[in-house]
Protein chains: 2
Amino acid sequence: MRDSSGKTSIWQAIADALRSDLSEGKYAPGDKLPTEAALAERFGVNRHTVRHGISVLVEEGLIRTRRGSGSFVAATPTDYPIGQRVRFHENLIAAGRRPDKRALQIEVRSATEGEAKALQIAPTDPVCAYHGLSLADGQPIAVFESLFPIQRLAGITGTLAKTSSVTEALRLCGISDYTRRSTRLTAVRATAMQALHLQVSEGVPLMKSSSVNVDETSTPVEYGRTWFAGDRVTLTLEG
Amino acid sequence: MRDSSGKTSIWQAIADALRSDLSEGKYAPGDKLPTEAALAERFGVNRHTVRHGISVLVEEGLIRTRRGSGSFVAATPTDYPIGQRVRFHENLIAAGRRPDKRALQIEVRSATEGEAKALQIAPTDPVCAYHGLSLADGQPIAVFESLFPIQRLAGITGTLAKTSSVTEALRLCGISDYTRRSTRLTAVRATAMQALHLQVSEGVPLMKSSSVNVDETSTPVEYGRTWFAGDRVTLTLEG
DNA sequence: TGTTATGATATGTATAGTTGTATAGATTTT
DNA sequence: AAAATCTATACAACTATACATATCATAACA
């Protein structure tokens with residue numbers, strides 16, 4: 001059978017079969033694929049052969065697997081424009097996705113030297129550190145840490161806990177509008193904790209963004225660092 | 001093998017995260033950690049995985065868990081000096097802790113041979129046996145049994161029931177001061193009953209102290225045996 | 001007032017299912 | 001002969017679910 005004419009290996013045939021299933025919309029993004037055991041039974045092959053086929057699609061970014069849980073259809077990468085006005089919520093709505101944020105930790109601490117410099121405050125001045133997770137259609141796309149100068153934004157700590165929206169929180173502190181002054185991008189490897197939150201493997205490349213947002217008087221109101229999952233987000237720069 | 005490949009397991013990442021939280025002082029000793037369910041939600045993993053991470057810190061002695069109550073930051077070991085003058089209350093105050101005693105049982109019985117010898121009384125002479133629990137900041141640190149020669153200390157039984165303080169009870173019996181004549185230390189395993197009171201697992205190591213306190217005339221007034229929880233108390237010997 | 005009952009909450013335990021990894025061997029292809 | 005492919009087996013790691021058991025706060029009750 002196999003050796004008669006075709007040179008395609010079994011694992012390749014399985015990968016092709018699954019790929020066409022996906023392109024035909026048989027499984028929607030986020031859907032759970034049959035278990036490896038079920039697929040092995042369906043194709044009449046060993047489970048390892050199925051795994052080989054699946055690994056190809058994982059490599060292509062079409063499938064995400066989660067140990068103990070199953071294999072899932074991956075969402076297509078999200079376009080995320082970075083320009084003068086960067087708004088997470090608006091950006092994702094514009095990209096046709098459902099945005100969501102999850103607060104991981106909100107604390108008040110003193111700023112480090114570099115943070116104080118970015119925010120143009122005195123070293124060791126208190127800041128509100130907002131640690132969280134950004135999701136698109138329920139899939140995590142970035143972890144972030146936003147720092148706010150408390151002395152300029154009284155009460156923002158309590159506000160963040162309720163809204164989880166930076167724009168909203170700033171508005172309630174009297175900042176009706178803010179613009180991005182600077183953005184710096186680098187590529188880093190995911191730490192174990194970042195990988196855990198982003199549901200990727202430790203060490204995969206992330207895009208790290210360090211940015212400063214200022215109000216109408218050009219006074220820094222937020223210093224944010226965001227780590228985007230490289231295979232789920234495409235940063236776009238206008239111009 | 002695992003660390004060479006650079007992959008950190010999830011439970012290890014969680015243990016690391018919690019450990020750094022503790023070392024950063026995010027949670028003070030005695031504080032309650034978030035529930036396992038809350039941590040599982042925060043990390044986006046199953047509760048069992050969180051439990052695995054927590055169990056590591058429990059093993060390290062950084063965390064104590066209490067079924068039905070929660071997980072708590074373990075208090076650092078209490079320094080307990082043993083010298084000429086040993087006063088439970090004073091010792092713990094000096095260590096910056098809140099002392100407390102809980103009487104478990106107070107009975108009058110006849111002394112055993114060894115007890116009589118230690119107290120220098122006739123065998124089968126009646127003694128007041130004071131069984132109790134010592135706590136620091138609400139956490140049990142020792143179970144003890146104090147024996148008092150009734151014939152020398154009339155009315156001490158009723159006094160103990162009120163004050164629970166050995167020093168106070170002896171003072172009310174005319175013993176204005178007492179000093180320690182001897183202390184013997186051994187290590188034993190916690191019996192089921194001791195483990196229950198100390199809220200530890202059966203079989204964990206305890207430090208057993210057998211001591212004799214004498215009044216100004218060098219007459220024994222108390223023969224005490226104390227079982228300290230090994231991981232919550234550090235006995236210090238001056239000199 | 002003090003005791004008991006009750007419900008909500010939290011940890012402990014058990015079982016089963018799923019993906020990840022390792023090892024070994026057989027078969028086919030190069 | 002060597003490499004790639006596939007099978008077979010076993011175990012580790014994580015998930016999912018259910019239930020047991022301990023604790024705590026509160027209400028009901030004597």
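Just so it is clear, the model here is predicted, and its values are computed rather than measured. Protein chains get the first letters and strands the later ones, always in sequence-line order, with residue 1 at the start of each. Only this structure's heavy atoms are used, side chains among them; waters, hydrogens and symmetry mates stay out.
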Given [N], is OP1 or OP2 found less than 4.0 Å from the side-chain N or O atoms of [X]?
X     : N      : value
A/R51 : C/dT19 : no
A/T49 : D/dT7  : yes
B/S71 : C/dT11 : yes
A/W11 : D/dC6  : yes

Please give, in whole Å, the distance from [N] [atom2] to [X] [atom1]?
X     : N      : atom1 : atom2 : answer
A/L39 : C/dG20 : CG    : P     : 13 Å
B/K32 : D/dT23 : NZ    : C1'   : 11 Å
B/F72 : C/dT9  : CZ    : P     : 16 Å
B/N46 : C/dG17 : CG    : P     : 16 Å
A/I14 : D/dT7  : CD1   : C1'   : 13 Å
A/E36 : D/dA13 : CD    : C1'   : 14 Å
B/I63 : C/dA10 : CD1   : C1'   : 15 Å
A/I54 : C/dT21 : CD1   : P     : 14 Å

Between A/R109 and B/E24, does at least one N-O distance fall below 4.0 Å, as a salt bridge requires?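 Salt bridge: no.
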Can a salt bridge be assigned to the pair A/R19 and A/E60 using a cut-off of 4.0 Å between side-chain N and carboxylate O?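 Salt bridge present between A/R19 and A/E60.
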Would you find a donor on one side and an acceptor on the other, under 3.5 Å apart, between the side chain of B/N91 and the backbone of B/P81?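 Checked: pair present.
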Looking at B/R232 and B/P140, would you say the former's side chain and the latter's main chain have a donor-acceptor pair under 3.5 Å?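 Checking the backbone N and O of B/P140 against the side chain of B/R232, a donor-acceptor pair under 3.5 Å is found.
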Identify whether any heavy atom of A/R66 sits under 4.0 Å from a base atom; if not, whether one sits that close to sugar-phosphate; answer base, sugar-phosphate or nothing.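 Sugar-phosphate contact only.
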Under 4.0 Å between any heavy atoms, over every strand shown, what does B/H52 touch: base, sugar-phosphate, or nothing? Just pick one.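 No contact.
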Looking only at the side chain of [X] (C-beta and beyond, no hydrogens), which of the listed nucleotides [options] gets closest?
X     : options                : result
A/R47 : C/dA10, D/dC6, C/dT19  : C/dT19
B/S9  : D/dC14, C/dT11, D/dC6  : D/dC14
B/R67 : D/dT21, C/dT19, D/dT17 : D/dT21

Would you state whether a donor and an acceptor, one from the side chain of A/H48 and one from the base of D/dT5, lie under 3.5 Å apart?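 Such a pair does not exist between side chain and base.
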Check for me whether B/R66 meets the cation-pi criterion with B/F72, that is, NZ or CZ under 6.0 Å from the six-membered ring centre and within 45 degrees of the ring axis.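 Here B/R66 passes the 6.0 Å and 45° test against B/F72.
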